[in-house]
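Naming: A, B, ... by sequence-line order, numbering from 1 per chain.
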There are 4 protein chains.
Amino acid sequence: MARTVDPERHEARRLVIIDAALTRFAADGYERATTAAICREAGISSGTFFHYFPTKLGLLLAILDLGTAETRDWFAAQEGRDDGARVVLDYVEHAAEDFADPRLPGFVRAVGALMGVPEVAHALARDDDAVRSGLTPWVGRAQRAGGVRDDLSAGRLAEWVLAIVDGYVGRLASAPGFDQASEQTMLSDAVRRLMRP
Amino acid sequence: MARTVDPERHEARRLVIIDAALTRFAADGYERATTAAICREAGISSGTFFHYFPTKLGLLLAILDLGTAETRDWFAAQEGRDDGARVVLDYVEHAAEDFADPRLPGFVRAVGALMGVPEVAHALARDDDAVRSGLTPWVGRAQRAGGVRDDLSAGRLAEWVLAIVDGYVGRLASAPGFDQASEQTMLSDAVRRLMRP
Amino acid sequence: MARTVDPERHEARRLVIIDAALTRFAADGYERATTAAICREAGISSGTFFHYFPTKLGLLLAILDLGTAETRDWFAAQEGRDDGARVVLDYVEHAAEDFADPRLPGFVRAVGALMGVPEVAHALARDDDAVRSGLTPWVGRAQRAGGVRDDLSAGRLAEWVLAIVDGYVGRLASAPGFDQASEQTMLSDAVRRLMRP
Amino acid sequence: MARTVDPERHEARRLVIIDAALTRFAADGYERATTAAICREAGISSGTFFHYFPTKLGLLLAILDLGTAETRDWFAAQEGRDDGARVVLDYVEHAAEDFADPRLPGFVRAVGALMGVPEVAHALARDDDAVRSGLTPWVGRAQRAGGVRDDLSAGRLAEWVLAIVDGYVGRLASAPGFDQASEQTMLSDAVRRLMRP
DNA sequence: CATGAATGAGTCTTCATTCAT
DNA sequence: AATGAATGAAGACTCATTCAT
């Protein structure tokens, strides 16, 4: 009797809160996004908030971990492919599509301001590691296959690919006429130019 | 009789506060950098702080304006030059050198989190305008002179140059082995590749 | 049909909760002992807690009433005895033995902090009354039998006997080397000295 | 210029807050005495409260330390006296007079409920030490001078003197007809009886 | 009967800003 | 001009209690 824990409902509600938080963090920044505002956005009470997440920071970290997991999943799904350069470009495209969600740039900026907070720094380092260690082997394979410059180590070249993606994302948020729809092809082009021998 | 306002001393003190704020904002982010911490860093009292700046936000805006003015000055100093492509690359290098101050990436992130605050958004828009309107003519001139791709408008190409600089700056702050000394030549190379016909 | 209320099981569970509460109140004080902690200690859910007790305060009052009833029972069991002084000393010893439960001093302190709450004040007054009205007649009888000082009223002397027991209990909790095993004979001696003519 | 720190005014204000806190802690207990209520009682704002004390607990500890210091001062002032038994009785009387402040018993109870908080436990241990190490030598001297029982060590006898004072203080608070004015002579008598050979 | 997710009032504490000296 | 004590609005978080299952 008394089936009180419905794991599905729990997970669903958790995601509602995460979604609301993404909205508020993106629009207002971490500090200006009050827990009250997040609760309002999610349609829950403050008690419920702290029933699902231990602290406001804990919620942020949960979001970051979600992203890291998503990255790992994406790379895991590429296992067995052959064309390294193609995978790199697919990743770039995949990342760019993530940012079709207009809240993401704002969220990334919100997180950036918290780099001084150790727990955030660690979560970001984990995330960066996931991307880097996912991407580097494909860059290396592309180099060995030829068709990609090899005057840089695979790691350093991967880093620069990420730098360009970062720059693209940053502009998405701050430059008026710069939008995902029209610039995504330029992004692929820019990365191709960077990697050309 | 008593001329109590010594404009030089006033300006010097203002700069001391701005410098202290740059340090704290960069290390802790805008919200976590308390006025008390900035005062401590600057060696002044809170009363003095508000004698020089109307609010904490006012101080931040003053710093941003300083940067915008510096950008305008730099472009004003290029007047009369000929080689557009060279000026663009010089600007990239100049921007990169600014970021030799290790506090700047942190400061940029701190400001990014405040994009939702209208006054900050406007100040950033002014700053962006200064850069864009400074850079675009030189890109256009380079295109007309040949040697630079012209499948994009000058404005859009300038935007992408800035995107790459942004990406470089972002990595500077977040990637462990990515430092200004060793990556600056890669930056120029990446911009050159982007602009190549 | 369904007789769902098994009075014995009900009472047993009630006592489990009371015991758990005694533990938590004693260790943490009334306010710091959360209902959640009491539930954990008792191995029940919060819903069950409030099925057995109307409020957290109600639980505390129930514990106090239990103590009062126990006191009344003890004195009822002395009916018919002769030697008043002996009964007084027996009571002192009995009280001291109660405090062999190491949780009691802490519980008494926890309750002390709630004297400002009317319901607690009343419960304590009832308890004190039970002790006082149980003890005073025996003190009086001892005085009339001689061998006990009679320069004080029986009531006042009883009060002082209780004061010494209280002091003993207080030390039990706060003084390191002061333990029930070694000090109980001193307690009887101190009470005897107090009562000596 | 700018005489901003007036140490006297600072200390005076600190004492006003301490006095207000004593009132509220005594009447309501530690947890139920909100900082807001203490501020109201002291006629200050919440900001001022935290300007003078780091936390609500810090305020409580400050009060305890004040008491410990007072105890040390009292014993320091007895240096050079001769009659140990007289000093012990003077201390008992002195302690009893302290409790002429009707708030003290309530305050002691409020603190008792916090014995589980390490910082409070330590402060109380320090306080107990001050009393014990102040009193024990005088008890010892009285024993050596004769006229005081020596079947107990000086330390243990001192402990029992304190137990009786504690019991007296406890009754002061909880027993209706038990007041300082009429019972203080009984207190001295009780202690004398305890110490008699 | 038993469960535990949900609630929201209430608390401590922080911090930008003011102002008397 | 410079100081720093005082202010109080605002925010994160806790916890007793309710109620649908």
Side-chain angles (χ1 to χ4, degrees), chain A residues 1-7 9-10 13-14 31-39 43-59, chain B residues 2-6 9-10 13 31-39 43-59, chain C residues 2-6 9-10 13 31-39 43-59, chain D residues 1-6 9-10 13 31-39 43-59:
Chain A
M1 278 140 261
R3 154 76 50 75
T4 27
V5 197
D6 178 343
R9 180 165 165 67
H10 184 88
R13 209 122 200 245
R14 210 180 117 93
E31 315 275 359
R32 306 172 95 88
T34 64
T35 55
I38 295 170
C39 291
I44 57 165
S45 72
S46 68
T48 302
F49 180 104
F50 289 98
H51 183 64
Y52 281 86
F53 297 95
T55 60
K56 184 174 140 181
L57 187 63
L59 165 56
Chain B
R3 156 74 56 74
T4 28
V5 196
D6 176 343
R9 179 167 166 65
H10 190 271
R13 214 132 193 230
E31 316 275 359
R32 304 171 96 87
T34 64
T35 55
I38 296 170
C39 290
I44 58 165
S45 72
S46 66
T48 303
F49 180 103
F50 288 95
H51 181 67
Y52 282 86
F53 297 94
T55 62
K56 183 174 146 182
L57 187 61
L59 165 58
Chain C
R3 157 75 55 77
T4 28
V5 198
D6 175 345
R9 178 166 166 66
H10 189 271
R13 214 134 193 229
E31 315 275 358
R32 306 172 94 89
T34 63
T35 54
I38 295 169
C39 290
I44 57 165
S45 72
S46 65
T48 301
F49 180 103
F50 287 96
H51 181 67
Y52 283 86
F53 297 94
T55 61
K56 182 174 146 183
L57 188 61
L59 165 57
Chain D
M1 276 141 267
R3 155 72 52 74
T4 27
V5 196
D6 179 343
R9 179 166 165 67
H10 184 87
R13 209 122 199 244
E31 315 276 358
R32 305 172 96 88
T34 65
T35 55
I38 296 171
C39 290
I44 58 167
S45 71
S46 67
T48 302
F49 180 104
F50 289 97
H51 182 64
Y52 281 86
F53 296 95
T55 60
K56 184 174 142 180
L57 187 62
L59 166 57

### Task
Using heavy atoms to find the nearest nucleotide of DNA chain F for T55(C) and T48(D) separately, return the residue whose nucleotide is more 5′.
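Nearest-nucleotide comparison on DNA chain F picks T48(D).
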Whole angstrom value for the distance that separates [atom2] of [N] from [atom1] of [X]:
| X | N | atom1 | atom2 | answer |
| --- | --- | --- | --- | --- |
| H51(D) | dG4(F) | NE2 | P | 10 Å |
| F53(C) | dA2(E) | CZ | P | 13 Å |
| E31(A) | dA9(F) | CD | P | 22 Å |
| I38(C) | dC15(F) | CD1 | C1' | 12 Å |
| L59(D) | dT13(E) | CG | P | 11 Å |
| K56(C) | dT17(F) | NZ | P | 8 Å |

### Task
Just compare dC1(E), dA5(F), dC12(E) and give me whichever is closest to any side-chain atom of F50(D).
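Nearest to the side chain of F50(D) among the choices is dC12(E).
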Classify [X] by what it touches in the nucleic acid, base, sugar-phosphate, or nothing, heavy-atom distance under 4.0 Å.
| X | value |
| --- | --- |
| S45(D) | base |
| T34(B) | sugar-phosphate |
| R32(B) | nothing |

### Task
Find which nucleotide of DNA chain E each of A36(B) and A36(D) is nearest to by heavy atoms, and output the residue with the more 5' nucleotide.
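Comparing both residues, the 5'-ward one is A36(D).
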### Message
Need to verify one output field. Residue with the more 5' nearest nucleotide on DNA chain E, F49(B) or R13(C)?
### Response
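On the 5' side of the pair lies R13(C).
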Look at the side-chain N and O atoms of [X] and state whether any lies under 4.0 Å from the OP1 or OP2 oxygen of [N].
| X | N | result |
| --- | --- | --- |
| Y52(A) | dA5(E) | no |
| S46(C) | dG4(E) | no |
| T35(C) | dC15(F) | no |

Taking atom [atom1] of [X] and atom [atom2] of [Y], what is their separation to the nearest 0.5 Å?
| X | Y | atom1 | atom2 | value |
| --- | --- | --- | --- | --- |
| I44(A) | Y52(A) | CD1 | OH | 8.5 Å |
| T34(A) | I38(A) | OG1 | CD1 | 7.0 Å |
| R13(A) | H51(A) | CZ | NE2 | 9.0 Å |
| S45(D) | F49(D) | OG | CZ | 11.0 Å |

### Query
Should dC12(E) form a Watson-Crick or G-U wobble pair with both distances under 3.5 Å, which nucleotide is its partner?
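Its partner is dG11(F) (Watson-Crick or G-U wobble, both distances under 3.5 Å).
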#### Entry: Base paired to dA6(E) (Watson-Crick or G-U; both N/O distances under 3.5 angstrom)
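Answer to the pairing question: dT17(F), which forms a Watson-Crick or G-U pair with dA6(E).
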#### Entry: Which atom of K56(D) lies closest to which atom of E31(D), heavy atoms considered
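Here K56(D) and E31(D) meet closest at NZ-O, 3.6 Å.
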